[in-house]
Amino acid sequence: EDQVTQSPEALRLQEGESSSLNCSYTVSGLRGLFWYRQDPGKGPEFLFTLYSAGEEKEKERLKATLTKKESFLHITAPKPEDSATYLCAGGFSGGYNKLIFGAGTRLAVHP
Amino acid sequence: NAGVTQTPKFQVLKTGQSMTLQCAQDMNHEYMSWYRQDPGMGLRLIHYSVGAGITDQGEVPNGYNVSRSTTEDFPLRLLSAAPSQTSVYFCASSPKTGSAFFGQGTRLTVV
């Protein structure tokens, strides 16, 4: 069964304290691994798409990486405005509109 | 640039009532989808469409109907609302190859 699992469920960091969020997947025929950010009361906001093992993408303090079994979202020197829930999703053969989501990691960054 | 627009933002229904959640996109995307988000769980796919006139079931389709008469619109109908359908509903659109973009959500409570 296709599945996406995120860990930890919640993470509390001090401002400037770097860390990583994990997303492991068992999605057959994976065609893309997506990261989203979701703020309270809002819809998911697209961050990155990774297509193949070894690929990396960066945006400001965030860097996403992909292996054959998992993806990491590295947060370098986070700021309080990085506080949000980060969602990982796998898109499999058949279309990118059929995403399998993990439950998310709630990140809180304190000054 | 509106993106994906969902209406209403909030709705309270009585058990057994029916209603339609509206979703419109202005990006000329072929694919559109409906997800529901419940506490502690990832977003789950309800129904999706790969183009006007074509729809299919996702993971949790029971109790919901969809149709897609135009590229822009993809309404979700609740036939006879049940308390188990209390959730936050997200509509998403994506091009054939690319990332999904989400609306701001409809928070539905069934009493």
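Keep in mind the model is a prediction, meaning the values are calculated, not measured. Basis for what follows: all heavy atoms, side chains included, without hydrogens, waters or symmetry-related copies. The chains referred to below are lettered A, B, ... by the order of the sequence lines, with proteins before strands, and numbering in each begins at 1.
For the ring-ring contact (aromatic ring centres under 6.0 Å, His included) condition, no pair includes a residue of residues 6-25 of chain A, sequence neighbours left out.
One finds the CZ atom of A:F46 at 11.0 Å from the OG atom of B:S94 (value rounded to the nearest 0.5 Å).
Of the two parts of A:Y36, only the side chain, counted from C-beta on, holds a non-hydrogen atom closer than 4.5 Å to a non-hydrogen atom of chain B. Contact of B:Q37 with chain A is made through the side chain alone, with heavy-atom distances under 4.5 Å.
Hydrophobic cluster membership is shared by B:L76 and B:V60, with clusters built from Ile, Leu, Val, Met, Phe, Trp and Tyr side chains linked at under 4.5 angstrom. Under a hydrophobic-cluster definition in which Ile, Leu, Val, Met, Phe, Trp and Tyr are linked whenever side-chain heavy atoms come within less than 4.5 Å, directly or via other members, A:L107 and A:F72 are assigned to different clusters. B:I54 and B:L45 end up in the same hydrophobic cluster when Ile, Leu, Val, Met, Phe, Trp and Tyr side chains are linked at under 4.5 Å.
Closest approach of A:A103 and B:G40 over heavy atoms only: CB-O, 3.7 Å. The minimum heavy-atom distance linking B:Y48 with A:K98 is given by the pair OH-NZ, 3.2 Å.
For B:Q11, there are no side-chain hydrogen bond (donor to acceptor under 3.5 Å, both in side chains) partners two or more places apart in sequence or in a different chain. Applying the side-chain hydrogen bond (donor to acceptor under 3.5 Å, both in side chains) rule to B:Q85 yields no partners; only residues at least two apart in sequence or on another chain are considered.
A donor-acceptor pair under 3.5 Å is formed between the side chain of B:Y35 and the backbone N or O of A:L99.
Heavy atoms from other residues, nucleotides or ligands lying under 6.0 Å from CZ of B:R44 number more than 12. No more than 12 heavy atoms of other residues, nucleotides or ligands shown are found within 6.0 angstrom of NZ on B:K9.
Listed by sequence position, the residues of residues 11-20 of chain A in contact with chain B number zero, using a 4.5 angstrom heavy-atom cutoff.
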